[in-house]
Amino acid sequence: MIESKLTEALTKAVKTLYQQEVKPAIFQIQKTRPEFEGDLTVVVFPLLRLSHKAPEATANELGQWLMEQVEEITGFNVIKGFLNLEIAGTYWLSFFKSAMAMEHFGFQPQRDEPPVVIEYSSPNTNKPLHLGHVRNNLLGWSVAEILKAAGKKVIKVNLVNDRGIHICKSMLAWQKWGNGITPQTSGQKGDKLVGDFYVLFDKKYKAQVAGLVKQGMDEKEAAQKAPLILEAKEMLVKWEAGDAAVRKLWKEMNSWVYAGFDITYQRMGVDFDNIYYESQTYLLGKALVSKGLEENIFYKKEDGSVWCDLTNEGLDEKLLLRADGTSVYMTQDLGTAQLRYDDYHPQKLMYVVGNEQNYHFEVLKHVLKKLGKSWADGIYHLSYGMVELPHGKMKSREGTVVDADELMEEMAATAQKTSSELGKFDDFTPEESANLFEMIGLGALKYFILKVDPKKTMLFNPEESIDFNGNTGSFIQYTHARIRSVLRKAKAAGITPDNERMAGLSLEKKEKSLIKLLYDFPQTVEAAATAYSPAQIANYSYELAKEYNQFYHELSILKEEDPAKRDFRLLLSGFTSQVLRTAMGLLGIQLPERM
RNA sequence: GGUCCGGUAGCUCAGUUGGAUAGAGCAGCAGCCUUCUAAGCUGCGGGCCGCGGGUUCGAGUCCCGCCCGGAUCACCA
């Protein structure tokens, strides 16, 4: 890399010119801003205490020295305290040539070290996936891919919350009012069917509570004593006791939900290496709690509930087991974490979970540490912001929840509508066009969500998300299709670009800026992996596509008369399309050959 | 009230460890298709970077205080 070579040279320069030994970190090398001449810029302000000279004088001296000593530097200029260096076109060309020859440009080979286990999705089996899960799934999947690209071993896991009071509510409602309905008999997707019964339970329960309040009962008391909730609680106790009938119904209804989830996941393009079920981990959690109780790390209240005191850690007291002995969310998560650690001995246990649960994960880490688990330090909560709608948050009671399946369907449908208005695909087979609309619709959705920094609350405006112009997934897909079209035409004309002829070329401005952007790709992947931020990949892809479009408009490729230049531009186009594919692949977005 | 996160153009968002005159897209206006895909390109207008102090040669970025918005502090998950 030219940057490290420059740092080395600057260290030497400072030593010769100013007789000073310095650490390389003092040299700030950045890309020259486009309004100035040059490729790379050295900020000389921090060096003034070494030179004891004015900024311009220091910059000039260093520039002169670098010109003489570093062959890649072909010129420099100084503006205020900024030393702008011009890097030889031959350097960029040789970079380009070697990058093209690489098998996985931008990716690092997998390192031999413990894996990162990343959990995402984490659905409940009482309701279908919605917009919030969409952000979660896309983020988790993409971060996993980015980490892999950066050389990590990654295990993608899902944690299905398949047990608990909420599932009992759906089960109870189905028993009471379902009349034996199934996905098969109703033709409804299993997760939707079960979700409907959960909603039905809530409705009937609310009615009961209201009835009790009308009879003069206190509202809080009514909420606890309504017959339906008592029945649900009883069912949960039976479930934990292993009651055969309850377990049978539970298994059946969950299987409906899983079949439904699978369809959603598949369309969304996310997958998992392993799936954990809370029904299989909560006992392990309970065991951990008992052990902690024996060792006096936790304590029991008179009513039998078990707690962990975290007031010394600046937190509160936390419930770990209910008075009736059933487990809570935290109990399960303790067990799941332990199991996951035992399974993989990972360097990091990552959880992609919304920021509403920041406190929960802080507590989880502390409780595990209290239990003496040193690996708890490897727990990392990748906390992302909520997705809001133009009219505020999603509220199931107000019917503003955006269903994941419907959302994807709508995106594909809009892609179809827009495409047919442009009237481009008359020669496509129905399969080809369906495939394309899916690619465009899902690409728009994924890009819209992933381009926002994960930790920020984001606004999901359905109309804007479906827009195909500007900073969108479609823009990048279009750029790719455009490049592929040129390459097809070249091939049809019998042109096979020769990369031996480009050595002596002098680069046009747009050619050089395109190469420089391609040069940034590996460090962009690295930075995105460090920051766990697919947004950085999205922004890079957009920059690259935009730069290519400018190149495309300013210079002709196939009509270029000089065959060396023509070939070079073809190669540059081809490589750009490849990097776009790689980058967007990290976001789970496919790029079409035509659109 | 305690803790955590955010506040950048009318709207949605970028802005590396502090560096040059704070950038995109959308929306608005004006241009560019007999030439490789106009889902594109070019130009114009639009900003007390929430407010006030501080550190620094230099602050959207770091520190302190305040204002506003959100999350959380459940025998819900």
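Here is how names work: the chains are called A, B, and so on, in the same order as the sequence lines, proteins then strands, and each is numbered from 1. Values below: every heavy atom of this structure, side chains too, minus hydrogens, waters and symmetry copies.
- Which of B:A71, B:U72, B:A39 sits closest to the side chain of A:Y478 comes down to B:A39.
- Judged purely by atom type and a 3.5 angstrom limit, A:E313 has no side-chain atom pairing as donor or acceptor with the backbone of A:H366.
- At a threshold of 4.0 angstrom between heavy atoms, the contacts of A:A481 include nucleobase atoms, whether or not backbone atoms are also involved.
- No side-chain heavy atom of A:S383 sits less than 4.5 Å from a side-chain heavy atom of A:P454.
- Looking at heavy-atom distances under 4.0 Å, A:V328 makes contact with sugar-phosphate atoms alone, never a base.
- Residue A:M386 is out of contact with every strand shown, counting any heavy-atom pair closer than 4.0 Å.
- Stacking of A:F82 onto the six-membered ring of B:G19 is not present when judged by under 5.5 angstrom between centres and under 30° between planes.
- Relative to the side chain of A:S419, the nucleotides B:A20, B:U12, B:A39 differ in distance, and B:A39 lies closest.
- The distance from atom CG of A:N471 to atom P of B:U12 is 15 Å, rounded to the nearest whole Å.
- For A:F27, the side chain to side chain contact (heavy atoms under 4.5 Å, CB included) partners two or more places apart in sequence, or in a different chain, are A:T7, A:L10, A:T11, A:V14, A:V22, A:L47.
- Nucleic acid contact for A:S573: none, since no nucleic acid atom lies under 4.0 Å from a heavy atom of the residue.
- Rounded to whole Å, the distance from NE2 on A:H52 to C1' on B:C57 is 15 Å.
- Stacking of the aromatic ring of A:F475 onto the base of B:A39 is not found under the criterion of centres within 5.5 Å and planes under 30°.
- Salt-bridge formation is detected for the pair A:E35/A:R33: a Lys NZ or Arg NE/NH1/NH2 atom is positioned less than 4.0 Å from an Asp or Glu carboxylate oxygen.
- Of the listed nucleotides (B:C41, B:C73, B:G6), B:C73 has the atom at the smallest distance from the side chain of A:D316.
- A:Q28 comes within 4.0 angstrom of a base, heavy atoms only.
- Among the nucleotides B:A39, B:A38, B:G6, the one closest to the side chain of A:R482 is B:A38.
- Nearest nucleotide to the A:Q550 side chain, out of B:U42, B:A20, B:C4: B:U42.
- A:R322 contributes a side-chain N or O that, together with a main-chain N or O of A:S327, makes up a donor-acceptor pair within less than 3.5 Å.
- Each of B:C13, B:C76, B:A39 was ranked by its minimum atom distance to the side chain of A:I165; first place goes to B:C76.
- One interatomic measurement links the two molecules: CD1 of A:I466 to P of B:G25, which rounds to 22 Å at whole-angstrom precision.
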message: Could you spell out the base pairing of RNA chain B as a dot-bracket line? Use Watson-Crick and G-U wobble contacts where both distances are under 3.5 Å, [ ] for crossing pairs, | for partners on a different strand.
response: (((((((..((((.....[...)))).(((((.......))))).....(((((..]....))))))))))))....
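- A close approach under 4.0 Å does not occur between any side-chain nitrogen or oxygen of A:K80 and OP1 or OP2 of B:G58.
- The pair A:D562-A:R569 does not meet the salt-bridge criterion, since no charged nitrogen lies less than 4.0 angstrom from a carboxylate oxygen.
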